[in-house]
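For reference, the structure discussed in these notes is given below.
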Amino acid sequence: MKIYDHKKIEKKWQKEWDKKKIYSVKNTKGKKFFGLIEFPYPSGDGLHVGHIRSNTAMDIITRKRRMQGYNTLYPIGWDAFGLPTENYAIKTGKQPEAITKKNTDTFRRQLKELGFGFDWDREINTTDPAYYKWTQWIFLQFYKKGLAYKARIAINWCPKDKIGLANEEVIAGCCERCGTPVEKRDKEQWMLAITKYADRLDKDLDTVDYLEKIKIQQRNWIGKSEGSEIDFKIKNSDEKITTFTTRADTLFGAFALTLAPEHPMILKIKSQILNLSEIEKYINDTKKKTDIERTSEDKDKTGVELKGVKAINPVNGEEIPIYIADFVLAQYGTGAIFADMHDERDFAFAKKYNLPMKQVLNNPQGIESECFTGDGILTNSGKFDGMTSEYARKEITDFVGGRIVTKYKLRDWVFSRQRYWGEPIPMIHCEKCGVVPVPEKDLPVVLPKVKKYEPTDNGESPLAEITKWVNVKCPKCKGKAKRETDTMPNWAGSSWYYLRYTDPKNKKEFASKKNLKYFTPVDWYNGGMEHTTLHLLYSRFWHKFLYDLKLVPTKEPYQKRTSHGLILADGGEKMSKSKGNVINPDAIVKTFGADTLRVYEMFMGPFDQHVSWSTDSMVGPRRFLERVWKIYNKIVAQNMLKNKKNLSRVGAPVERVKREDFIYSSAYLTLQATLHKTIKKVTEDIETTSFNTAVSAMMICLNEMEKAESVDEKDFKMFLQILAPFAPHITEQLWSELGEKKSIHLSLWPKFDPKKVIDNEITIAVSVNGKVRAEIKISNEMNEEEVKAMAMKDHAVVNWIEGKEIKKVIYVKGRLVNIVF
RNA sequence: GCCGGAGUGGCGGAAUUGGUAGACGCGCACGACUCAAAAUCGUGUAUCGAAAGAUGUGGGAGUUCGAUUCUCCCCUCCGGCACCA
């Protein structure tokens with residue numbers, strides 16, 4: 001009798017799969033499936049159990065597809081540019097390349113030890129010049145189309161990391177990475193005009209199959225809102241101020257015009273302002289504040305009136321005061337609003353400064369509240385009185401010559417980083433010609449070797465000090481010029497990596513048209529929720545841009561997107577090095593085996609929800625696999641009996657069974673029904689990422705097989721096949737032990753037999769007035785009347801209904817009978 | 001504040017076109033095997049109760065023959081956004 005020893009079999013099959021390249025995609029023929037996980041950042045800590053959760057899930061999906069006959073691509077690579085490596089280089093004096101090499105070697109070893117079916121022939125690395133050549137090339141295309149531009153803007157500056165951050169990287173006013181409050185700094189930055197794609201990024205979400213919460217989060221981030229632009233003239237001046245509002249219906253109630261402190265109009269009408277010094281002080285104070293300070297003052301509204309200047313309400317000619325206030329944002333809308341009492345902020349502002357307010361909406365429900373912000377019926381609004389808000393918005397906008405417009409919260413993407421370990425932005429600054437792109441033939445612009453990686457506090461990249469690299473000839477005039485020393489953010493390489501997988505070694509294009517047409521879009525992409533408004537949005541943007549250039553064949557990169565929940569430490573806290581609660585997968589693989597770890601991670605809870613790690617619970621999945629092995633032993637024993645071989649060699653306790661009798665027994669039919677139900681459930685559950693219930697179903701099936709007197713070898717093989725995506729090593733071993741020559745992972749996915757799924761005898765409940773009082777066994781063939789009659793006759797039921805007048809009897813097929821009196 | 005998600009035994013969790021709540025697993029208890037232990041196997045395991053039975057899916061109301069599932073109100077936790085006009 002052989003014993004399950006994961007150490008013996010896991011290494012063996014990993015080598016075998018590698019040698020035979022069973023997971024490599026060799027052609028572009030037939031139906032395809034492209035499954036994708038977010039390629040890992042190779043940190044020095046090695047693989048995290050969270051990686052394993054996501055990777056195993058997609059490994060199961062792709063293995064199933066492969067067995068269903070799809071030409072299946074499941075690639076892997078390294079998103080290797082980024083701060084942790086650079087910081088480690090600064091600390092240790094080692095080169096980022098060397099660190100990356102070491103880390104990717106560790107990750108590769110770990111991933112292989114877990115038995116993932118990656119196509120290792122397509123491994124990519126964003127820090128490889130042969131790869132980032134194309135990242136730079138795509139940037140040049142953005143530049144050519146005017147979507148990459150330089151702007152002097154106030155950026156989010158992290159004083160600890162000494163790096164500029166994109167808006168998406170600032171969490172509650174603090175650096176996403178280190179938690180330091182960010183400062184504002186004016187700097188020349190490369191920008192990508194993602195806002196030009198805002199509308200399509202929003203609208204095209206309708207065409208893809210993403211989890212609803214992902215769509216909602218992206219939509220909220222893009223922040224589409226429809227409203228009106230309305231111009232206010234300034235009294236005694238030719239100037240006008242454009243406001244943006246979604247509530248044009250409240251225009252009659254405007255009591256002030258409120259501008260962002262950064263609003264350019266303030267400079268233009270400077271001469272008319274009587275309290276200029278007060279205004280300038282307020283503007284300066286605002287500038288000094290960080291975002292946290294500006295928003296954390298309990299939302300207390302502050303502002304200053306521009307004395308000596310009045311605006312004219314276009315709807316009724318009323319003169320109203322003009323204020324500047326820091327709660328009005330320069331970046332959104334037009335940086336100017338009109339204030340009215342049907343908005344909580346304006347209401348609070350008016351209360352604070354004792355401004356007179358006028359009610360112009362009645363609550364249709366008739367409930368009086370101090371500040372009514374809903375849609376209502378217009379009042380005090382001249383000829384618009386009595387209109388509904390919705391209708392009046394359009395009418396009033398038309399009446400004052402306003403424009404219906406759409407605005408977005410999304411802002412352009414700050415694309416410069418003042419750090420070393422990133423793709424150099426392929427631009428040259430010439431004294432004569434200005435900004436000149438590096439000619440495509442000169443790509444890649446390779447990162448030069450440097451001695452010191454420290455960023456500087458003046459906001460320049462360490463690259464700026466490498467004069468030999470910085471000083472170049474202008475590609476246009478051959479005169480003196482300097483290279484751009486900013487690098488790209490780490491979101492650059494990951495914005496298009498899935499495309500490279502289709503043709504990873506191509507030297508002429510980022511990928512051939514033919515391969516792109518065959519493999520894209522990605523059919524199923526799984527990743528973390530934390531990337532919803534970062535990577536996922538950025539890569540959709542890049543993809544749409546490439547689509548517009550006719551370089552990719554689809555409008556969207558990913559057809560389907562799911563996300564996994566985090567794996568938390570035992571107490572429900574996040575795993576972190578500082579807390580010392582990180583689980584090392586290497587140790588788990590050693591003691592329990594990769595198959596157990598995989599099954600455990602799939603079984604521990606619903607895939608899309610957070611779960612807490614518990615090493616103690618791993619014995620369940622381990623026992624499960626050991627018992628699978630025991631069924632194999634049972635079959636070996638059965639076969640020996642059948643072949644009348646020497647019984648003493650069979651270790652398992654086996655009773656003599658006449659197989660022919662068993663085949664037609666009801667026990668056999670029950671086992672068949674369980675097996676086919678399990679095949680059905682596992683097949684379906686994988687599609688809905690309900691891996692936990694799939695494992696549970698297989699456990700139930702195994703329990704049945706254990707109880708059975710005999711297990712049919714063919715049936716057991718089917719069981720191994722549906723288990724194979726979850727536990728690839730043990731199933732491969734047993735598959736081959738049972739005489740199969742070809743890998744189980746290249747075998748055909750079993751189909752359930754609909755006829756066998758139906759039970760011929762079932763137990764249903766009988767309830768009286770909704771309370772369950774008995775159980776009865778019924779057969780398939782019984783009709784409703786027969787079942788009801790049987791239920792009424794049950795002695796436990798009779799006790800309850802005796803002498804009562806039965807009002808009705810309800811029968812739910814295959815479920816229950818309810819008797820009501 | 002707004003937008004999502006969740007609340008079920010000692011623990012992880014299962015079950016929703018409304019139909020036997022607690023599947024499966026962990027843990028625990030008892031038993032078998034063993035000189036013994038571990039492992040393994042078997043039985044049991046929501047709560048109260050000797051039992052009959054009653055109660056029970058965050059709390060409160062409602063619809064229904066029947067509600068974890070649907071409706072209304074409220075509470076707690078997690079995630080995202082946060083003065084977006």
Side-chain angles (χ1 to χ4, degrees), chain A residues 171-173 211-221 223-225 227-228 243-247 250 258 291 294-297 299-301 325-329 331-340 342-346 348-349 373 407-411 529-530 532-533 565-566 568 570 572 599-600 603-606 608-621 623-624 626-627 630 653 690 692-703 706 763-775 799 807-821:
Chain A
I171 308 296
L211 286 185
E212 202 50 35
K213 62 175 173 180
I214 297 174
K215 288 191 184 182
I216 290 168
Q217 212 168 301
Q218 283 214 350
R219 286 217 161 95
N220 287 346
W221 186 261
K224 183 175 181 172
S225 104
S228 315
T243 62
F244 174 67
T245 182
T246 56
R247 297 301 302 269
T250 64
T258 323
D291 272 359
R294 215 171 140 169
T295 54
S296 70
E297 292 162 6
K299 297 186 178 172
D300 192 19
K301 306 281 175 286
D326 65 1
F327 73 87
V328 179
L329 304 174
Q331 316 89 318
Y332 184 74
T334 58
I337 58 164
F338 68 80
D340 68 270
H342 300 285
D343 177 283
E344 277 174 23
R345 292 152 303 181
D346 296 340
F349 190 72
T373 58
K407 299 282 181 190
Y408 301 90
K409 289 187 204 172
L410 189 69
R411 292 182 225 163
M529 276 310 282
E530 72 275 17
T532 303
T533 55
L566 294 178
L568 306 168
D570 212 343
V599 173
Y600 169 64
F603 183 59
M604 60 197 297
D608 59 348
Q609 279 171 38
H610 296 184
V611 283
S612 298
W613 183 268
S614 160
T615 306
D616 290 344
S617 300
M618 290 204 41
V619 293
R623 284 178 191 154
F624 167 64
E626 281 174 5
R627 283 158 50 216
K630 280 187 188 165
S690 311
N692 54 333
T693 50
V695 172
S696 149
M698 287 188 283
M699 285 173 167
I700 292 167
C701 185
L702 180 78
N703 290 345
E706 267 185 341
T763 305
I764 65 164
V766 183
S767 57
V768 179
N769 282 353
K771 291 211 155 108
V772 177
R773 299 299 181 187
E775 279 181 355
N799 284 340
K807 281 194 192 132
K808 58 178 162 177
V809 179
I810 296 153
Y811 174 54
V812 182
K813 197 165 188 297
R815 294 285 184 174
L816 58 58
V817 177
N818 190 19
I819 301 160
V820 186
F821 62 78

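Because the structure is a prediction, the values reported are computed rather than measured. We name chains A, B, ... by the order of the sequence lines, and we start the count at 1 in each one.
Residue-level contact check: Lys215(A) touches neither bases nor backbone, having no heavy atom under 4.0 Å from any strand. Contact annotation for Ser614(A): no contact, since no heavy-atom pair falls under 4.0 Å across all strands. Within 4.0 Å (heavy atoms only), Ile216(A) reaches sugar-phosphate atoms of the nucleic acid but no base atom. Within the 4.0 angstrom heavy-atom criterion, base atoms lie near Asn818(A). Residue-level contact check: Val328(A) touches the bases, meaning some heavy atom is under 4.0 Å from a base atom. Counting non-hydrogen atoms under 4.0 angstrom, Glu212(A) reaches nothing in the nucleic acid. The residue Ile700(A) sits close only to the backbone: its heavy atoms come under 4.0 Å of sugar-phosphate atoms, none of a base.
From Lys213(A), atom NZ reaches atom CE of Met529(A) across 5.0 Å, with rounding to the nearest 0.5 Å. Summarising the geometry, atom NZ belonging to Lys224(A) is positioned 12.5 Å from atom CG belonging to Leu410(A); distances are rounded to the nearest 0.5 Å. The CZ atom of Arg219(A) sits 14.0 Å away from atom NZ of Lys409(A), with the distance rounded to the nearest 0.5 Å. Taking CE of Met698(A) as the reference point, atom OG1 of Thr693(A) lies at 9.5 Å (rounded to 0.5 Å). Going from atom OG1 of Thr373(A) over to atom CG of Asp343(A) covers 8.0 Å, rounded to the nearest 0.5 Å. Summarising the geometry, atom CZ belonging to Arg815(A) is positioned 11.0 Å from atom CD1 belonging to Ile764(A); distances are rounded to the nearest 0.5 Å.
Here the P atom of nucleotide U20(B) and the NZ atom of Lys771(A) are 16 Å apart, to the nearest Å. Between the P atom of A85(B) and the OH atom of Tyr408(A) lies a distance of 13 Å, rounded to the nearest Å. The nearest whole Å value for the distance from the CG atom in Leu568(A) to the P atom in C11(B) is 18 Å. At whole-Å resolution of the value, CD1 in Ile214(A) and P in G79(B) are 18 Å apart. To the nearest angstrom, P of G1(B) lies 17 Å from CG of Asp343(A). Atom P of nucleotide A85(B) and atom CG of Asp346(A) are separated by 12 Å, given to the nearest angstrom. Nucleotide A85(B) holds its C1' atom 9 Å from the CG atom of Leu329(A), rounded to whole Å. Atom pair Glu344(A):CD and A82(B):C1' shows a separation of 14 Å (rounding to whole Å applied).
Going from the P atom of G58(B) to that of G9(B) covers 8 Å, rounded to whole Å. A39(B) sits 43 Å from A52(B) when the C1' atoms are compared, rounded to a whole Å. Taking atom C1' on both nucleotides, A82(B) is separated from U16(B) by 34 Å, rounded to a whole Å. Taking atom C1' in both G60(B) and G22(B), one finds a spacing of 24 Å when rounded to whole Å. Rounded to the nearest Å, the gap between the P atom of G62(B) and that of G12(B) is 32 Å. The gap from the C1' atom of C2(B) to that of U20(B) amounts to 42 Å, rounded to the nearest Å. If you take atom P in A61(B) and the same atom in G42(B), they sit 45 Å apart, rounded to whole Å. Nucleotides A29(B) and A38(B), compared at atom P, are 11 Å apart to the nearest Å.
With distances taken from any side-chain atom of Ser617(A) to the nucleotides C26(B), U20(B), A82(B), the minimum falls on C26(B). In this structure, the nucleotide among C3(B), C26(B), A82(B) sitting nearest to the side chain of Val619(A) is C26(B). Here the nucleotide nearest the side chain of Ser696(A), chosen from C24(B), A85(B), G19(B), is C24(B). With distances taken from any side-chain atom of Arg773(A) to the nucleotides G53(B), U40(B), C24(B), the minimum falls on G53(B). Comparing atom distances between the Val812(A) side chain and each of G19(B), U20(B), G25(B) picks out G19(B) as nearest.
Both Met529(A) and Gly333(A) lie near RNA chain B, and the one whose nearest nucleotide falls closer to the 5' end is Met529(A). Checking Phe244(A) against Val695(A), the closest nucleotide of RNA chain B that is more toward the 5' end is the one next to Val695(A).
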Polar atom pairs between nucleotides 29-31 of chain B and protein, under 3.5 Å, N or O only, would you list them?
none

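Under 4.0 angstrom from either OP1 or OP2 of C78(B) there lies no side-chain N or O belonging to Lys213(A). For Asn703(A), a side-chain nitrogen or oxygen approaches OP1 or OP2 of G25(B) to under 4.0 Å. Distances shorter than 4.0 Å separate none of the side-chain N or O atoms of Arg623(A) from OP1 or OP2 on C41(B). Contact annotation: Asn692(A) side-chain N/O to A14(B) OP1/OP2 distance is under 4.0 Å. A close approach under 4.0 Å does occur between a side-chain nitrogen or oxygen of Ser225(A) and OP1 or OP2 of A85(B). Residue Arg219(A) places no side-chain N or O under 4.0 Å from the OP1 or OP2 atom of G80(B).
The closest donor-acceptor contact from the side chain of Gln218(A) to the backbone of Thr532(A) lies under 3.5 Å. Between the side chain of Tyr600(A) and the backbone N or O of Ser614(A) there is at least one donor-acceptor pair closer than 3.5 Å. Judged by distance alone, with hydrogens and angles left aside, the side-chain atoms of Asn818(A) form a donor-acceptor pair with the main-chain N or O of Gly770(A) at under 3.5 Å. The backbone N or O of Phe821(A) sits less than 3.5 Å from a side-chain atom of Asn769(A), completing a donor-acceptor pair.
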Quiz item: Passes ring pair (Phe, Tyr, Trp, His ring centres under 6.0 Å), Phe624(A) versus Phe603(A)? Steps please.
Solution: CA-CA 11 Å; Phe624(A) 167 64; Phe603(A) 183 59; 8.5 Å; no

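When side chains are defined from C-beta on, Arg411(A) does not count as touching Tyr332(A), because their heavy atoms never get closer than 4.5 Å.
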Quiz item: With Watson-Crick and G-U wobble geometry limited to distances under 3.5 Å, how should the secondary structure of RNA chain B be encoded in dot-bracket form, using | for bases paired to another strand and [ ] for crossing pairs?
Solution: (((((((..(((......[....)))((((((.......))))))(((....)))..(((((..]....))))))))))))....

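In textbook terms, a nucleotide whose glycosidic angle is within 90° of 0 is syn, while G60(B), being further out, is anti.
For C83(B), its base sits under 3.5 Å from the side chain of Lys301(A) at one donor and acceptor pair at least.
Other residues, nucleotides and ligands contribute only 12 or fewer heavy atoms inside 6.0 Å of the CD atom of Glu344(A).
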